[in-house]
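So you know, we letter chains A, B, ... as the sequences are listed, proteins then strands, and number each from 1. These values consider heavy atoms only, across backbone and side chains, with no hydrogens, waters or symmetry-generated copies.
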Amino acid sequence: MSQLRTRFAPSPTGYLHIGGLRTALYSYLYAKKNNGKFILRIEDTDQGRYVEGAVEIIYRTLRETGIMYDEGPDVGGDFGPYIQSQRKNEYLAYAKQLVESGHAYYCFCTEERLASLPDVNGARRYDKHCLSLSKEEVEARIAAGEKYVIRQNMPTTGNTTYHDAVYGDITIENSELEDQILIKSDGMPTYNFANVIDDHLMGINCVMRGIEYLSSTPKYNLLYDAFGWERPMYIHMPPIMKDAQHKLSKRNGDASYEDLVKKGFLKDAIINYIALLGWSPKDDSEKMTFEQLKEKFDIVGINKSPSIFDPVKLAWLNSLYIKEMTPEDFSAYAAPWIEDTYLKDFDRALVCKLIQSRIETFAEIPEKLRFLVEYGTFDNQLYTNQKQKTDAALAKEVLPQIKQAFQAVETWDNQNLYQALVALAQSLQMKNGKILWPARIALTGLAATPGGASEIAEIIGKEETLRRLDFAIAQLN
RNA sequence: GGCUCCUUGGUCAAGCGGUCAAGACAUCGCCCUUUCACGGCGGUAACACGAGUUCGAUUCUCGUAGGAGUCACCA
């Protein structure tokens with residue numbers, strides 16, 4: 001058997017959305033799993049939809065996520081060029097070949113005539129009007145400079161069947177197939193045509209794509225048959241949904257890969273999560289490295305039904321990846337979220353240590369630590385804690401002593417600070433909580449904070465710690 | 001509307017004729033604990049419906065319902 005060759009063929013119309021990224025990922029994984037090649041081809045036959053910079057986003061995203069293509073526009077290969085607009089001169093000849101063999105024909109119908117065709121529930125079916133034109137008439141009209149398109153001549157009877165690796169055998173009546181346009185009046189091929197020609201020319205023998213192509217695949221197969229080419233293996237994939245009714249899409253303002261990164265998700269977590277959307281490994285693994293994904297990926301694990309993108313589960317996975325980062329990596333990655341805020345005034349390492357195990361996405365950082373800079377009047381009821389058996393009265397008694405203990409600390413770090421508090425508790429013959437709880441409340445005015453009293457004191461510094469203690473004491477009187 | 005596909009807990013998702021119907025996220029409770037978080041333990045929660053086939057259906061078949069895709073000189 002010849003080497004497996006898969007491809008990812010996006011249109012440069014903007015960000016690479018999650019669905020597209022998953023298609024690329026699966027195609028890549030499947031190729032690599034089978035020692036095959038993964039090819040990137042840019043499908044830009046619709047000049048009207050071309051978006052500046054979109055191609056670069058595709059390159060960058062694939063590189064960043066590790067989905068490396070063996071052949072593509074910017075890496076070369078033996079089957080280039082890999083950008084369809086640069087191949088436009090090839091398609092017409094193939095279309096003409098089909099005209100010769102009777103599988104396609106010239107069509108001169110105007111937009112008006114097309115619009116006058118009977119409307120069946122919002123859809124108009126071309127009536128093969130130009131199929132009956134004589135060869136002479138066709139030549140004369142072309143010579144006269146009349147605009148034309150080339151249409152595929154579909155059989156009107158019978159049916160065509162093909163096998164899809166995930167959906168099984170798909171059979172469609174030929175009468176359902178429209179005489180689709182192969183070459184547009186601007187001379188460019190339609191996606192439907194260029195796609196088949198290029199896949200064949202590039203030796204693609206495995207086509208992985210979204211389910212939206214499931215029912216038009218017979219048209220492509222008819223093209224392969226007309227040319228006498230071998231049909232590729234097809235793997236269609238279910239859509240990724242935003243909710244039960246709506247597909248995830250850029251148009252709906254749903255997150256693209258880049259948006260997710262900006263929201264503080266790690267690329268490894270994103271890839272790991274989308275690999276799991278619509279596919280599951282035999283052994284039930286969830287957190288997997290890219291290497292493990294390559295080992296475990298298999299088309300039998302691909303699901304048939306749509307799956308809903310769950311940002312909550314993504315966040316959970318993200319938190320797992322965050323926790324295993326080294327403090328240095330975490331600090332470096334968190335830098336943008338820290339630089340932009342008041343947090344830059346604090347010791348970076350201490351702040352990072354405090355939050356690394358407490359965030360699921362980096363975007364949570366500023367809000368989570370706002371209390372480090374915001375402090376003011378708070379409800380003395382916060383001193384009341386059932387479990388620690390503390391209340392405002394106790395705080396009033398103990399806070400001045402806490403202040404004294406802190407003042408005596410020579411080296412201002414968490415360890416010493418904590419020891420000072422514990423020692424105070426011991427000398428007062430109290431449980432640690434009776435000191436620790438009021439101390440933390442006094443320092444933050446918050447029922448819940450990341451970290452405890454001593455950690456927070458360490459970060460805000462001695463001066464601020466004492467200032468807050470004075471404030472809290474004053475507030476109790 | 002025609003055609004094609006899909007349907008297991010709130011979500012992801014195992015299962016491929018016989019299971020007390022896995023696991024994960026979320027949720028709830030307990031433990032740990034300096035609050036929060038982490039971690040540990042446990043609970044709640046599902047085979048869309050109706051017929052068949054079968055000794056036996058979540059698994060097979062057919063209907064029904066619901067959902068998705070498609071029906072472009074867009075990809």
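Counting only heavy atoms from C-beta outward, the side chains of A/M288 and A/P281 approach each other to under 4.5 Å.
Here the separation of B/A75 from B/G69, taken at their C1' atoms, is 15 Å to the nearest Å. When the P atom is compared between B/A22 and B/G10, the two are found 16 Å apart, to the nearest whole Å. Using P as the reference atom, B/U58 and B/A48 are 10 Å apart when rounded to the nearest Å. Atom name C1', nucleotides B/A13 and B/C47: the rounded distance is 13 Å, in whole Å. Separating the P atom of B/C30 from that of B/A37 is a span of 13 Å, rounded to the nearest Å. On the P atoms, B/A21 is 30 Å away from B/G66, given to the nearest whole Å. Nucleotides B/C36 and B/G29 place their P atoms 12 Å apart, quoted to the nearest Å. Comparing the same atom, P, in B/G2 and in B/U61 gives a spacing of 23 Å after rounding to whole Å.
For A/K313, the side-chain atoms get nearest to B/C12 when compared with the rest of B/U34, B/C73, B/C12.
Among the protein residues, A/N303 comes within range of the sugar-phosphate backbone only, with heavy atoms under 4.0 Å from sugar or phosphate atoms but none that close to a base.
Judged by distance alone, with hydrogens and angles left aside, A/R440 brings no side-chain donor or acceptor close enough to the base of B/U34 to form a pair under 3.5 Å. Counting atom types as modelled, A/K387 pairs a side-chain N or O with a base atom of B/U33 as donor and acceptor under 3.5 Å.
Closest-nucleotide positions on RNA chain B for A/A448 and A/S305 were compared, and the one nearer the 5' end corresponds to A/S305. RNA chain B is contacted by both A/S307 and A/Y220; A/S307 maps to the nucleotide lying nearer its 5′ end (nearest heavy atom per residue).
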Check: What is the per-nucleotide protein-contact pattern of nucleotides 65-72 of chain B, from the 5' end, where B denotes a base atom under 4.0 Å from a protein heavy atom, S denotes such proximity for sugar-phosphate atoms only, and - denotes neither?
Finding: --SSSSSS
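For A/Q388 and B/U35, the shortest distance from a side-chain N or O to OP1 or OP2 is below 4.0 Å.
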